[in-house]
Enquirer: 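Provided herewith is a single structure, encoded as structure tokens, for subsequent inquiry.
Note on naming: letters A, B, ... go to the chains in the order of the sequence lines (proteins, then strands), and numbering restarts at 1 for each one. Just so it is clear, the model here is predicted, and its values are computed rather than measured.
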Amino acid sequence: MSELPKAYEPQAVEAKWYAAWMDGKCFEADPASAKEGYSIVIPPPNVTGILHLGHVLNNALQDILARRARQLGKEVLWLPGTDHAGIATQTKVERQLRDEEGVGRRDLGREEFLKRVWEWKEKHGGIIIQQLKRLGCSCDWSRERFTMDAAYSQWVSQVFVDLFKQGLIHRGKRMVNWCPVSLTALSDEEVIMTPQRSKLYTMRYELADAPGEFIEISTTRPETLMGDSAVAVNPKDPRYTKYVGRKVKRPFPPAEIPIIADEHVDLEFGTGALKITPAHDKADFEIGLRHGLEMIDVLHPDGRIHCPACPDLDGLDRFVARKMAVARLDEMGLLLKVEEYDNNVGFSERAHVPIEPRISMQWFLKYPCVQQAADAVANGDIKFRPERWAKTYAHWMENLQDWCISRQLWWGHQIPVWYRKDKFAALRDAEALDMHDLTAGDIHVGVDPPADPANWLRDEDVMDTWFSSWLWPFATMAQVGEDSPALKKFYPTSDLVTGPDIIFFWVARMIMAGFQFAGGLPFKNVYFTTIIRDLQGRKMSKSLGNSPDPVDLMEKYGADGLRFGLMRIAPVGSDVRFDETSVEEGRNFANKLYNACRFRQMAGEGGSAGVLEQGQLPPYHLDIIAKLDALAAGLEESYTEYRFGEIAQRLYEFLWSEFCDKFLEAVKLDLRESATPEARAATLGTFDAVMSRYLQLMSPYMPHITEELSARMGYVRDGEFLMQQVLPAAPLLTVDASNAQAHAAAIYEAAGRMRNLKAEYKMGSRKDLRFVIKSAPAWLAAESKVLALLVGAAEIRLDSAYEAVKGTPAAVTPLGEVYMPLEGLIDVAAERLRLTKEIERIGLEVKKCEGKLGNASFVERAPPEVVVQETARLDEWHAKLQQLGEMLAALT
RNA sequence: GCGCGGUUAGCUCAGUGGUAGAGCACCUCCCUGACACGGAGGGGGUCAUAGGUUCGAACCCUAUAUCGCGCACCA
């Protein structure tokens, strides 16, 4: 044992133990182990990412699960890694190149640009990994993966090829969500519908065969009218039946377009007539297909208008063009009204701009194993917590659309498809060729390039990042075709911990991939974390500046403090509002734990468990031992239910309210020098038995401090680690403690009542009071000294014959009636009154003041306006009065 | 529009049929030999509203209000 400083200083301790665990290879998983396997794969953070509180919550939970599993004797694999995060990373590096070198990616060319991204990744990519280590994460770092590792990329290509061969992947020209900033297609999930305050424009088109007669149309997007190829009305709409089949004049560029009838049109909305722009609206696209309409593309990929026939609009940004188009309509006398209008607009998840529905050639996946994946959750093979997310999942699975998996980016897994050079030009330039236009000899789909690469060109697109992430649970454990021991031991994984915001992006897709490629479900339990918000309820975000840096918090409060604080407020249900004070509480709790152990160390050596038979131990000992067993059982139950906040709360209450506030206070007498060696040894023995087990129970939540204290207190042998000790199944208590617990409870409660009595009579801090207990139980005689210590009394007298004088303060306690006789002491109330009057008599004012009496002067100003602070302690009143007298004498 | 979740002390949240809880904040006292990142005591809530079921409801049921989140959208 060694000396401990007064307050716990986590920083050095945490770094020391993390290094020791790494040296000891404590986190490494052995697939050959005979122990039962337990595994988690980390939700790979973006390689560009830096740690935020969401990561902390998420990874602390995984660490707790992993550490707990080790304590239960399992062979644990927590597999870490990072995600290449296509758009995010490419954007970041492009921005840096533009800022620092003034070049774009096309200036560099694909090969050079990718080289630069890799360089950037090697240099800055590991930040979040270091931060996870700082947090104490017990990942098997020897198995760290990256979604663009060679072996992992092999999986991605292989999966693409397999799905293609099964006919589930195909290429086609379809309406997709296009991001005009990132210049790529996006999946439906990457589009965020956002309420907007926009305008609804009502305009009129003139009928071609009846000049002066108009049809009125409402639109929110007048800038695309150059792409109109029809006007549609509902076939059931009597107002418009006479128009169907006729033509109207499109204002610009001038053209005559048909009026068609389509069920899709809502009679109630606007004028009931809808302009059809098949190339720039999803619904219009469908209508266009049904009616064989011309698809007129009037937008460049970057969102500028492409319409040489309208020179004043051509080349303008879409939002500038909107105003211009409206102005032109107005000039032409075709604009009828403009109304304020609330609607939802799809925004790009990454670039935060409105997406543009756009027809383009892309690769699509028809999801595999949908039914199996849906059933697995519905029938409980995969259990979601909280359970309600299962409904969200089921709903999504029922309404699956094909997944657009191609991205017009460079950073990512390039699509493993090659085209014959001569056909490729046509494909690319016209964007007209469908897969069906290519014969088998024109296209090569394979993990490896064609044998005569000179004659082929590779598809330039890469795959959606999630198309690699969905393979994560197994592609991290085995190479393609490998008979992997890790996979055998650790797949399917045990628990997945992630946010509900990626239930579609990731969780659902992993389940489908698991069935399709790994022969079964990828995990058994999914624990969905809560979203962390600030005190105003806003999502944490960099731009709002409301997201505290977890590393700063760890420097200030320690990783253990941060972990514990966050766990205590992480609810099972809804979102959590984060406040730094919760981390402060975590730090304070660590300090409390530390000081309890420090107290033990100051009591010195001696004492080992079992000096006394448990049957002979005082009630406080048996009580705390029983409560520790209850704690262990309670934690077991809470872990089974994944109730992490409850676990933290139980741990907190045991140490603070039971162990420190009650047990430690009750046994202090036995650690004084006056105590018998036997009592002292028994006390130290109980302390060690309970504390060593408690530290172990605490270890998953606060791994560093528990490891430190266990080592310092000698609870763990040199060269061993607390985190590797298996939690004993047997309870500590071996005898019936019900009597002892009843006695201890009675004493603690009585002590509370008696302290309350003291406080009521303004004698809370006096230690010289004597209490009398009437009709006390016989066993109390042995404990009266302890009770006196707990109460802060000079003596507790047990006297069944006691007759209290009238007016003696009294309280009913589980130990019988308690009296606090004041004979022999001063009559506090009366004496205080007398002194107050005396002070007022000599012309001073008695005033209540804030602050500490001991430090502040009782005379704030010189006479005649001398002010005296009120105090509860009579001896101080006397002293003040005396000093006042002296002062007054000096002044007069 | 459909679905989900919340509404409990000033704040953040526990509490799924039996006399309302924690931490922080607040008030009083105390730097007593583990801890002021602490100790002792205290004040504070008609559990969103209205009905209903029940001997008994914060909890179960039905509405309503309100906040948040998904999904789907009519230009």
Enquirer: Given B/C71, B/C74, B/G70, which nucleotide is nearest the side-chain atoms of A/Thr392?
Expert: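 The closest nucleotide is B/G70.
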
Enquirer: What is the minimum heavy-atom distance between A/Pro357 and A/Arg221, and which atoms define it?
Expert: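 The pair with the smallest heavy-atom distance is CD-NH1, 4.3 Å.
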
Enquirer: Round to a whole Å and report the spacing from CD1 of A/Ile531 to P of B/C4.
Expert: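 It works out to 19 Å between those atoms.
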
Enquirer: Counting the atoms with a prime plus P, OP1 and OP2 as sugar-phosphate, which does A/Thr220 contact under 4.0 Å by heavy atoms, base, sugar-phosphate, or nothing?
Expert: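 Answer is sugar-phosphate: A/Thr220 comes under 4.0 Å of backbone atoms only.
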
Enquirer: Tell me which nucleotide among B/C35, B/C71, B/A34 gets nearest to the side chain of A/Leu664.
Expert: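 My answer, after comparing the listed nucleotides, is B/A34.
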
Enquirer: To the side chain of A/Arg388, which of B/C4, B/C37, B/G41 is closest?
Expert: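 Closest nucleotide to the A/Arg388 side chain: B/C4.
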
Enquirer: Which of these nucleotides, B/A34, B/G42, B/C35, is closest to any side-chain atom of A/Phe599?
Expert: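 That would be B/A34.
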
Enquirer: To the nearest angstrom, how far is A/Arg755 atom CZ from B/U32 atom P?
Expert: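 About 17 Å, once rounded to whole Å.
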
Enquirer: Could you point out which residue of A/Tyr557, A/Tyr701, A/Tyr652 forms a ring pair (Phe, Tyr, Trp, His ring centres under 6.0 Å) with A/Phe589?
Expert: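 So, applying the ring pair (Phe, Tyr, Trp, His ring centres under 6.0 Å) to A/Phe589 and each of A/Tyr557, A/Tyr701, A/Tyr652, only A/Tyr652 qualifies.
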
Enquirer: Quick check for you: among B/C35, B/G41, B/A40, whose closest atom lies nearest to any side-chain atom of A/Ala759?
Expert: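 Output: B/G41.
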
Enquirer: Counting Watson-Crick and G-U wobble pairs only, both distances under 3.5 Å, name the nucleotide matched with B/C69, or none.
Expert: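 Its partner is B/G3 (Watson-Crick or G-U wobble, both distances under 3.5 Å).
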
Enquirer: Could you write out each protein N or O paired with an N or O of nucleotides 18-22 of chain B at a distance under 3.5 Å?
Expert:
none

Enquirer: Mind checking who B/G10 pairs with, Watson-Crick or G-U wobble, both distances under 3.5 Å?
Expert: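 Partner of B/G10: B/C24.
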
Enquirer: Could A/Asp670 and A/Arg680 be called an ion pair, given the rule that one side-chain N must be under 4.0 Å from one carboxylate O?
Expert: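 Salt bridge flag = no for A/Arg680 with A/Asp670.
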
Enquirer: Can you check the distance between B/U16 and B/A48, where both ends of the measurement are the P atom (answer in whole Å)?
Expert: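 It comes out at 15 Å once rounded to the nearest Å.
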
Enquirer: Look at the side-chain N and O atoms of A/Lys592 and state whether any lies under 4.0 Å from the OP1 or OP2 oxygen of B/G39.
Expert: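 A/Lys592 to B/G39 OP1/OP2: side-chain N or O found under 4.0 Å.
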
Enquirer: Whom does B/C35 pair with, Watson-Crick or G-U wobble, provided both distances fall under 3.5 Å?
Expert: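 For B/C35, the partner nucleotide comes out as none, under the 3.5 Å rule.
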
Enquirer: Using the C1' atom as the reference point in each nucleotide, state the distance between B/C29 and B/A65 in Å, no decimals.
Expert: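 B/C29 and B/A65 have their C1' atoms separated by 46 Å.
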
Enquirer: Tell me the partner of B/G44, counting only Watson-Crick (N1-N3 plus N6-O4 or O6-N4) or G-U wobble (N1-O2 and O6-N3) with both under 3.5 Å; none if nothing fits.
Expert: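 Pairing partner, where one exists within any strand: none, as none qualifies.
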
Enquirer: Using the C1' atom in both, what is the distance from B/G5 to B/G10, to the nearest Å?
Expert: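 Between the two C1' atoms, the distance is 25 Å.
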
Enquirer: Could you check A/Gly270 against A/Arg672 and say which one's nearest nucleotide on RNA chain B is further toward the 5' end?
Expert: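 The residue mapped nearer the 5' terminus is A/Arg672.
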
Enquirer: Can you tell me, in whole Å, how much space there is between the P of B/A40 and that of B/G45?
Expert: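 One P to the other, the span is 24 Å.
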
Enquirer: Expressed as a whole number of Å, how far does the C1' atom of B/A63 sit from that of B/A20?
Expert: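 Looking at atom C1' only, B/A63 and B/A20 are 26 Å apart.
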
Enquirer: Starting at CZ of A/Arg650 and ending at P of B/A14, how long is that distance when rounded to a whole Å?
Expert: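 Spelled out: CZ on A/Arg650 to P on B/A14 is 16 Å.
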
Enquirer: Does a side-chain N or O of A/His264 approach OP1 or OP2 of B/C74 to a distance below 4.0 Å, or not?
Expert: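 So the side chain of A/His264 is within the cut-off, an N or O lying under 4.0 Å from OP1 or OP2 of B/C74.
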
Enquirer: Answer yes or no: is there an ion pair linking A/Asp688 with A/Arg600, defined by an N-O contact shorter than 4.0 Å?
Expert: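 So A/Asp688 pairs with A/Arg600 through a salt bridge.
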
Enquirer: Please check if any side-chain donor atom of A/Ser638 sits under 3.5 Å from a side-chain acceptor atom of A/Arg650, or the reverse.
Expert: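 Note: A/Ser638 and A/Arg650 side chains meet the donor-acceptor criterion.
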
Enquirer: Could you please name the option among B/C37, B/G42, B/A75 that lies closest to any side-chain atom of A/Leu274?
Expert: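 For the A/Leu274 side chain, the nearest candidate turns out to be B/A75.
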
Enquirer: Please determine, for B/A63, whether a Watson-Crick or G-U wobble partner exists with both distances under 3.5 Å, and give it or none.
Expert: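 With both distances under 3.5 Å, B/A63 matches B/U49.
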
Enquirer: Provide the closest heavy-atom pair for A/Ser218 versus A/Gly270 in the form atom of the first, atom of the second, distance.
Expert: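 The pair with the smallest heavy-atom distance is OG-CA, 4.0 Å.
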
Enquirer: Does the separation of the ring centres of A/Tyr527 and A/Phe644 fall below 6.0 angstrom?
Expert: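 Yes - the distance between ring centres of A/Tyr527 and A/Phe644 falls below the 6.0 Å cut-off.
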
Enquirer: Are A/Phe654 and A/Tyr694 an aromatic pair, judged by ring center distance below 6.0 Å?
Expert: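 Ring centroids of A/Tyr694 and A/Phe654 are less than 6.0 Å from each other.
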
Enquirer: Before we go on, tell me: are the rings of A/Trp396 and A/Phe504 under 6.0 Å apart, centre to centre?
Expert: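 So the answer is yes for these two rings.
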
Enquirer: Below 4.0 angstrom from OP1 or OP2 of B/G38, is there any side-chain N or O of A/Asn588?
Expert: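 Yes, A/Asn588 has a side-chain N/O under 4.0 Å of OP1/OP2 on B/G38.
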
Enquirer: Using a 4.0 Å heavy-atom cut-off, does A/Lys282 contact any base of the nucleic acid, only the sugar-phosphate backbone, or nothing at all?
Expert: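 Nothing: the residue A/Lys282, judged by heavy atoms under 4.0 Å, touches no strand.
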
Enquirer: Has A/Glu340 got more than 12 heavy atoms of other residues, nucleotides or ligands less than 6.0 Å from its CD?
Expert: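 More than 12 heavy atoms, drawn from other residues, nucleotides or ligands, come within 6.0 Å of this atom.
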
Enquirer: NZ of A/Lys6 versus C1' of B/A36: gap in Å, rounded?
Expert: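 Atom NZ in A/Lys6 sits about 9 Å away from atom C1' in B/A36.
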
Enquirer: Using a cut-off of strictly less than 4.0 Å, decide whether A/Trp656 has a side-chain nitrogen or oxygen near OP1 or OP2 of B/G39.
Expert: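 True: A/Trp656 side-chain N/O within range (under 4.0 Å) of B/G39 OP1/OP2.
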
Enquirer: At under 4.0 Å between heavy atoms, what does A/Tyr341 touch on the DNA or RNA strands: base, sugar-phosphate, or nothing?
Expert: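 Sugar-phosphate, no base atom in range.
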
Enquirer: By the 4.0 Å heavy-atom rule, please label A/Asp284 as base, sugar-phosphate, or nothing.
Expert: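 Nothing, no nucleic acid heavy atom in range.
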
Enquirer: Counting Watson-Crick and G-U wobble pairs only, both distances under 3.5 Å, name the nucleotide matched with B/A58, or none.
Expert: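 Paired with no nucleotide.
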
Enquirer: If we take the P atom in both B/U46 and B/G41, what is their distance in whole Å?
Expert: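 My reading of the P atoms in B/U46 and B/G41 gives 25 Å.
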
Enquirer: In whole angstrom, what separates A/Met754's CE from B/A40's P?
Expert: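 Nearest whole value for this atom pair: 16 Å.
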
Enquirer: Is there a Watson-Crick or G-U wobble partner for B/G17 with both distances under 3.5 Å, and if so, which one is it?
Expert: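 Result: none.
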
Enquirer: At less than 4.0 Å, is any side-chain N or O atom of A/Lys391 found next to OP1 or OP2 of B/C4? Yes or no.
Expert: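 So the side chain of A/Lys391 is within the cut-off, an N or O lying under 4.0 Å from OP1 or OP2 of B/C4.
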
Enquirer: Roughly how many Å is it from CZ in A/Arg587 to C1' in B/G23, rounded to a whole number?
Expert: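 Value for this atom pair: 15 Å.
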
Enquirer: Could you state the CZ-C1' distance from A/Arg643 to B/U16, rounded to the nearest angstrom?
Expert: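 Whole-Å distance recorded here is 10 Å.
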
Enquirer: State plainly whether the residues A/Arg643 and A/Glu637 are in salt-bridge range, i.e. N to O under 4.0 Å.
Expert: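 Looking at A/Glu637 together with A/Arg643, the answer is no, because their closest N to O distance does not fall below 4.0 Å.
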
Enquirer: With rounding to whole Å, what would you report as the distance between B/G23 and B/A14 at their C1' atoms?
Expert: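 That atom pair is separated by 11 Å.
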
Enquirer: Is A/Tyr8 near enough to B/A34 that one of its side-chain N or O atoms lies under 4.0 angstrom from OP1 or OP2?
Expert: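 No, because none of the side-chain N or O atoms of A/Tyr8 sits under 4.0 Å from OP1 or OP2 of B/A34.
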
Enquirer: A/Leu267 CG to B/A75 C1': how many Å, rounded?
Expert: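 Rounded to whole Å, this separation is 14 Å.
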
Enquirer: Select one nucleotide: of B/C71, B/C24, B/A34, the one nearest the side-chain heavy atoms of A/Glu585.
Expert: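 Closest of the options to the side chain of A/Glu585: B/C24.
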
Enquirer: Rounded to whole angstrom, note down the P distance from B/G6 over to B/G39.
Expert: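 My reading of the P atoms in B/G6 and B/G39 gives 34 Å.
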
